[in-house]
Amino acid sequence: MTYKDPIITRLITLFNAEGPTTLRNRYYYGDPLQVNEAALPAVFISKDMTQVSGASLAETQRAQRYVINVVYDLKRDFGKAFNDIAAANSIYDLIEGCNVDYTLKSTSLAAILLKHQQLGTELWINLNTDLELDYGTTINKRGEGIFTAEGVLKLSIVHHQVRPS
């Protein structure tokens, strides 16, 4: 039996319900590094680190860092005119696309995370730390001959629970 992190499950459920239609059912646990080019675009959600501390005398706090990696096929743009290159813009749109009034699109991953700060009982996105958004391209990182535009969204999720006895 393979463990499936329940927080990643919650994020996948939210993104499938409210996120971009081009990414529906393309969310995965962990980052496999190598992918089949035909499976792109895809989103890989993994845990980066956890800090455990005392929230009070009776509670434990886990501050967990999650990484959401949106991977898009860059080869779709090869041979196109400069004005037709879409991979980078597609990544921006999926992660933090804006409306004409500069507000986040409701289907962007960033907007969904901000809308659902409270993820569950004693579980929330920590907005005291920044949502980090990074962008770039890779060559052969995902497999031989695979060129990708990628966006990485990092966030902190906090959970409180009664200390185990």
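Note that these values count all heavy atoms, side chains included, but never hydrogens, waters or copies made by symmetry.
The two residues R65 and S156 have their closest heavy-atom pair at NH1-N, 3.9 Å. Nearest heavy atom pair, residue A88 against residue A149, reads N-CB, 4.3 Å. Residues L40 and Y72 share a closest heavy-atom pair of CD1-C, 4.4 Å. When all heavy atoms are compared, the tightest approach of P41 to T22 is CG-O, 4.0 Å.
By the 4.5 Å heavy-atom criterion applied to side chains, I146 and N140 are not counted as neighbours. A 4.5 Å side-chain heavy-atom check between I157 and N126 finds every atom pair outside the cut-off. In this structure, the side chains of V71 and R142 come closer than 4.5 Å at one or more pairs of heavy atoms. Annotation: side chain of L133 is not in contact with side chain of V152 (no heavy-atom distance under 4.5 Å). Within the 4.5 Å cutoff, side-chain heavy atoms of Q61 are placed close to those of V158. The shortest side-chain heavy-atom distance between F147 and T137 does not fall under the 4.5 Å cut-off. The shortest distance between side-chain heavy atoms of D134 and L153 does not fall below 4.5 Å. Considering only heavy atoms from C-beta on, V35 stays 4.5 Å or farther from T148 through its side chain.
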Listing, residues 42-51 side-chain donor-acceptor contacts under 3.5 Å, not counting sequence neighbours, or none:
from	atom 1	to	atom 2	distance (Å)
K47	NZ	D5	OD2	3.2
K47	NZ	Q64	OE1	3.1

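A donor-acceptor pair under 3.5 Å is absent between the side-chain atoms of N99 and the main chain of D101, judged by distance alone. Here the side chain of S90 pairs a donor or acceptor atom with the backbone of A86 at under 3.5 angstrom. A donor-acceptor pair under 3.5 Å is formed between the side chain of Q117 and the backbone N or O of I125. No donor-acceptor pair closer than 3.5 Å links the side chain of S108 to the backbone N or O of L104.
Under a hydrophobic-cluster definition in which Ile, Leu, Val, Met, Phe, Trp and Tyr are linked whenever side-chain heavy atoms come within less than 4.5 Å, directly or via other members, I112 and I68 are assigned to the same cluster. Taking hydrophobic clusters as Ile, Leu, Val, Met, Phe, Trp and Tyr residues chained together by side-chain heavy-atom distances below 4.5 Å, I12 shares a cluster with L23. Under the 4.5 Å side-chain heavy-atom criterion for Ile, Leu, Val, Met, Phe, Trp and Tyr, F15 and V67 are members of distinct hydrophobic clusters. Note on V70 and Y28: separate hydrophobic clusters, where clusters join Ile, Leu, Val, Met, Phe, Trp and Tyr whose side-chain heavy atoms are under 4.5 Å apart, directly or indirectly.
Between K154 and D130 there is no salt bridge, since no side-chain nitrogen of the basic residue lies less than 4.0 Å from a carboxylate oxygen of the acidic one. One finds no salt bridge joining R163 and E59 here, because no Lys/Arg side-chain nitrogen approaches an Asp/Glu carboxylate oxygen to under 4.0 Å. Between E122 and R62 no salt bridge is recorded (no basic side-chain N to carboxylate O distance below 4.0 Å).
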Start with the C-alpha distance between T138 and E150, add both sets of side-chain angles, then the distance that settles side-chain contact (heavy atoms from CB on, under 4.5 Å), and finish with yes or no. CA-CA 8 Å; T138 69; E150 300 195 17; 3.4 Å; yes
K105/E96 under salt bridge (Lys or Arg N to Asp or Glu O under 4.0 Å): CA gap, chis, key distance, verdict: CA-CA 7 Å; K105 289 181 178 180; E96 60 172 320; over 6 Å; no
So Y135 and I95, side-chain contact (heavy atoms from CB on, under 4.5 Å) or not? Walk me through it. CA-CA 10 Å; Y135 302 96; I95 293 176; 3.6 Å; yes
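You'll find the ring centres of W124 and H116 outside the 6.0 Å limit.
Atom CG of L114 and atom CG of L131 lie 5.5 Å apart (nearest 0.5 Å). Between E132 atom CD and L155 atom CG the span is 10.0 Å, to the nearest 0.5 Å. In this structure, CD on E18 lies 10.0 Å from CZ on R24, to the nearest 0.5 angstrom.
Residue L14 forms a side-chain contact (heavy atoms from CB on, under 4.5 Å) with just one option from L109, T9, L119, and that option is L119.
Within a 6.0 Å radius of CG in L33, other residues, nucleotides and ligands contribute more than 12 heavy atoms.
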